[in-house]
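One structure below.
Because only heavy atoms are used, hydrogens play no part in the values below, and waters and symmetry mates are left out as well, while side chains stay in. Labels below follow one simple rule: chain letters A, B, ... track the order of the sequence lines, proteins then strands, and each chain is numbered from 1.
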Amino acid sequence: MKIRKYLLIAMIVLSFAACRKDKNNNSDQQVLPYETGVFISCEGPFQSGTGTISFFNRSTSAVDNDIFEKVNDRPLGNIVQSIAIYNDKGYIPVNNAGKVEVVSMADFISTGTINGFTSPRYFVGFNSSKGYVSDMSGFVAVVDLGSNTITKKIMNGRSPENMVIANNKLFVLNFGGWGTDSTITVINTNADTIEKTIFVTYKPNSIRTDANGKLWIMCGGKGFTGYPQSDDTEGHLLCLNATTYTVEKDIPFPTTGDHPEHMVFNSNKTKAFYINNNMVYQFDLGSASLNTTSFVSKSFYSLGFDPVSGNLYAADPVDYSQSGWVFRYNADNGTKIDSFKVGVIPGNFDFK
Amino acid sequence: MKKYYSVCISALVFTVLPVFIYAQSKDSVHTLNTVNISGNRIDNFAIGIKVTKFDSACLSDSKSETVAGFLTEQSYAYVKSYGNGSLANISVRGSGSNQVGVFWNGFLISPPNISITDASLLPVFFFDDVELQYGGASSLFGNGIIGGSLHLVNNPHFEKSFNVGINYGIGSFRQQDYHAKVTTGSEKIYSSTAILCHQAQNDFSYIDISDFNKPKLTQINAALDQHGFMQEIFLKIKKNQVLNANFWYNNSYREIPGTMTTGKGRAYQEDESSRNTLSWQISDPKNLLQIKSAYFKDHLHFVDTAYSVNSKLTTQVIMGEAEWKKFINRSLRMNAGINTTLNIADIQAYQGVKTQKEIRVFLSVVKDLFKNRLSINGGVRQEFIEGYKVPFAPMLGVEYRILKFLQLKSNISGNFRAPSMNDRYWRPGGNENLKPETGVSEDFGLIFNTDKKGIINKSEISFTYFNSRMNNRIVWYPESPSYWTPRNLYQVLSRGFESNASFKLSLKKWTFSFNGNYSYTLSTNEKTYASSDETIGKQLIYVPVHNGFAQIKIDRKTFFISYNQSYTGYRFTNSDNSKELPEYTLGNAKAGFKYGISQCMINLQFSVNNIWDISYQAIEYRPMPGRYYLITFTLNFNEPFINSKN
């Protein structure tokens, strides 16, 4: 009887005395200055977590993760879509949080929050007082950069995403969100009204301006990579005249399984890099046909081109639930320089 | 609105009918052999398997709670709750919530598209018993029982009785509950009718830790409006035959709140389910044959106007089952059965109505030895699931009473889970080439217990070690950036132990009871799938390593007071364990008073949840309420009939 009582007491004590093992606190290095370097927006875990910004110092190769929370003592928010540096400010659209966070680029201290969005995707600066933010729910917001407020919503209704300013006009790609679209909206930047809707091929996803002021547009086509369906269409690379809005070149991809995306240009805007069929390809803008051999044969989520170092950056989110990786490649021959660990789901880059 | 009328009418018909039949059968008074009508196999065939049974006495203080809330407080199950009134998923021993089956009177009720039952929509009030079975038990309960299974049971009472229970609850965040149950019984018929209405705004305040100033905010878009109805009729059509029809309807409207990092919630969801079962059983002293059928329909409607999402999902399950229990002699018994199931899913993303047929055959044999001190259970099961080749599932269980106060329980079983219909048919992503998850799990438990008259009249200490290795764990993974697809990614190794100590002390009119639990769970991925992958050997996300609770209850005839303190250890939120949520501990207290006048019993109960007003996160950045209250008032009218009446 007595033994049982002691056993009982021992069990109760045991039940509550179990303590957690120590975990290694992977403490990061001291806060680095953000004078010059690479900023990587990391979406963060999908459900209810927060996205982050990682910083890569080119000269020391040091990586500083989650710099926004470190500096500002609060998380950025759910699904950090992109980061755009403009006039020494960083504009960070936080998709699910419906806001754009604004930071001072020198120290990354928060200088404001632009509210009133549903699902902001990308920021483009126009001049010292005006910028544009695309919102996937169907509008482009005109933002007053002085007061950090939305001054106008240009209703678009076609889930706008990537944008570029060319010929003093704003060109907005309507990707189609979870559906399908095939248009580009041209916005008059004086009146901030829709000037024209240009019909292109299905699912325009990236747009860049070349050295001659021509617009290059990557259209992914209907369907998903590696998931063939009967109504799929092939991707197209288009060259658009920014003044006449006519398509001057239309280079189709060979099969309906080709859904190219994430096109970036090199510094002197003569070469394009893009992702297709889980590989990276390179394209000479002067060339008439697409390369059939890949530039880097590895699957990536997105690309960035560093105009300072001339290197190609590629993001690997691994399983989209753990820390992602950024790989650096020599843009001339595609050899790997190095790789470093960043936040969860690295998605977009900006360089300073 | 039309829907409610039809429900009300059917409620009326079902309620009036049994009373009428009851009146007809009132005169016949014969004491009949009581048959064990239990629809599940736990009672006689779960040898060597750990089961915690919460009977009506255990559930009586928690009538206003959901099964999710009850299990959080009272079991080793880890309930991943998205907030008050929101989705709550059950995980047992580090499993996924799709590896825990929920059964109602022996029927699996998890909808086939996801194979997950939301425990926040299961009201404790509707059930007589709740049983939680721990560990892999595919052989006994079938496809997907890897973490464990939850059994919701309604029992008939073939004796003359008439009982009306009315329950009203009012609490914080504009919570209001109305419950009513009418049961009538005789030697020939038993009927139970239950109605439930639950409303809450859940507009609690919380500290927004995502803001620099950490302001106190009020939760918005978190309202819940739930209506439920359950009717059971058991008819003893002959001395040895029982016919049983059950109907359970649930309808809920829930707003989906945002998290601190996503901004305001705008979406809402409507769930509607109707569950109908019909069974017939015939028995003699050595045999029990049950022929059962079920028809379940689940409908979900999700609306997020901001993204123009308006999706509707409907699933239907038609099931037929025959089960035979043979008591060959005093020490040998056998259970054999066959089940056929047809799953039908009408889901937009499937691009058409999809069906899936399943056939299951199972057999288990129990042998008692050494004057019932040793019981051995051998079980086998083979299922045929359209589209997959699932393995044969065997099990071997042993229970041995080593000493009068010491019992050993152990089992080894082969388990499996076939992919859900979403895994197979969802467009884009659905993968037709998935393999079922398969593996082996073992349990070893020691139970010290005494059941004696004296001051300490009931005490138990138990310790269970478990180990489970599952291959081909299905994880939705982004095959390319544009869509996700399920893949057989992980090999999951779950191991750990559960310990429990409980005792009851009686001093004159006072009863003092204590119950303490602690569990240690390591659930890790053992297989790598990409060069940069760093998940190998890492704990799965949202599986706490440490989990426990302690409860004290003091009873005196008409009064009770209880206190429960639960502890949830740190959980990782990233698969490489680079980020974690801190541990938290919550205290809940309850006090109740009873007052009886002849056949009426009035019961008043007062509960305080999160009594220390802890600010915590169960899921990253999801607001949880601080301290909140609930007062429930219950009126019970009980008329036990005396046999000598006529």
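Only the side chain of A:Asp316 has a heavy atom closer than 4.5 Å to any heavy atom of chain B. For B:Lys264, no part sits under 4.5 Å from any heavy atom of chain A, backbone or side chain. Using a 4.5 Å cut-off between heavy atoms, B:Arg427 touches chain A through backbone and side chain atoms alike. For A:Lys99, no part lies near chain B; criterion is any non-hydrogen pair under 4.5 Å. Heavy atoms of B:Thr261 lying under 4.5 Å from chain A belong to its backbone as well as its side chain. Looking at A:Pro45, the atoms closer than 4.5 Å to chain B (heavy atoms on both sides) all sit in the side chain, from C-beta outward. Using a 4.5 Å cut-off between heavy atoms, B:Lys214 contacts chain A through its side chain alone, with no backbone atom that close. Proximity to chain A is limited to the side chain of B:Gln351, based on heavy atoms less than 4.5 angstrom apart. Residue contact with chain B, scored on non-hydrogen atoms closer than 4.5 Å, involves the backbone and the side chain of A:Val318 alike.
When all heavy atoms are compared, the tightest approach of A:Ala315 to A:Pro346 is CB-O, 3.5 Å.
Listed options B:Ser519, B:Gly429, B:Gly569 were ranked by heavy-atom pairs under 4.5 angstrom with chain A; first place goes to B:Gly429. Between chain A and the options B:Leu489, B:Asp533, B:Ile209, the largest number of non-hydrogen pairs under 4.5 Å is found for B:Asp533. Listed options A:Asn277, A:Asp73, A:Leu76, A:Val344 were ranked by heavy-atom pairs under 4.5 angstrom with chain B; first place goes to A:Asp73.
Take B:Tyr425 and apply the ring pair (Phe, Tyr, Trp, His ring centres under 6.0 Å) test, not counting sequence neighbours, and it matches B:Tyr350. Partners of B:Tyr584 according to the ring pair (Phe, Tyr, Trp, His ring centres under 6.0 Å) rule, which considers only residues two or more places apart in sequence or in another chain, are B:Tyr616.
Relative orientation of the B:His546 and B:Tyr520 rings is tilted, given thresholds of 30° and 60° on the angle between their planes.
B:Asp208 places no side-chain N or O within donor-acceptor distance of the main-chain N or O of B:Leu217, the cut-off being under 3.5 Å.
Using a 4.0 Å cut-off between charged side-chain N and carboxylate O, B:Asp211 and A:Arg74 make no salt bridge. By the 4.0 Å N-to-carboxylate-O rule, B:Glu432 lies close enough to B:Arg424 to be salt-bridged with it. A salt bridge does not link A:Glu161 with A:Lys203: every distance from a Lys NZ or Arg NE/NH1/NH2 to an Asp or Glu carboxylate oxygen is 4.0 Å or more.
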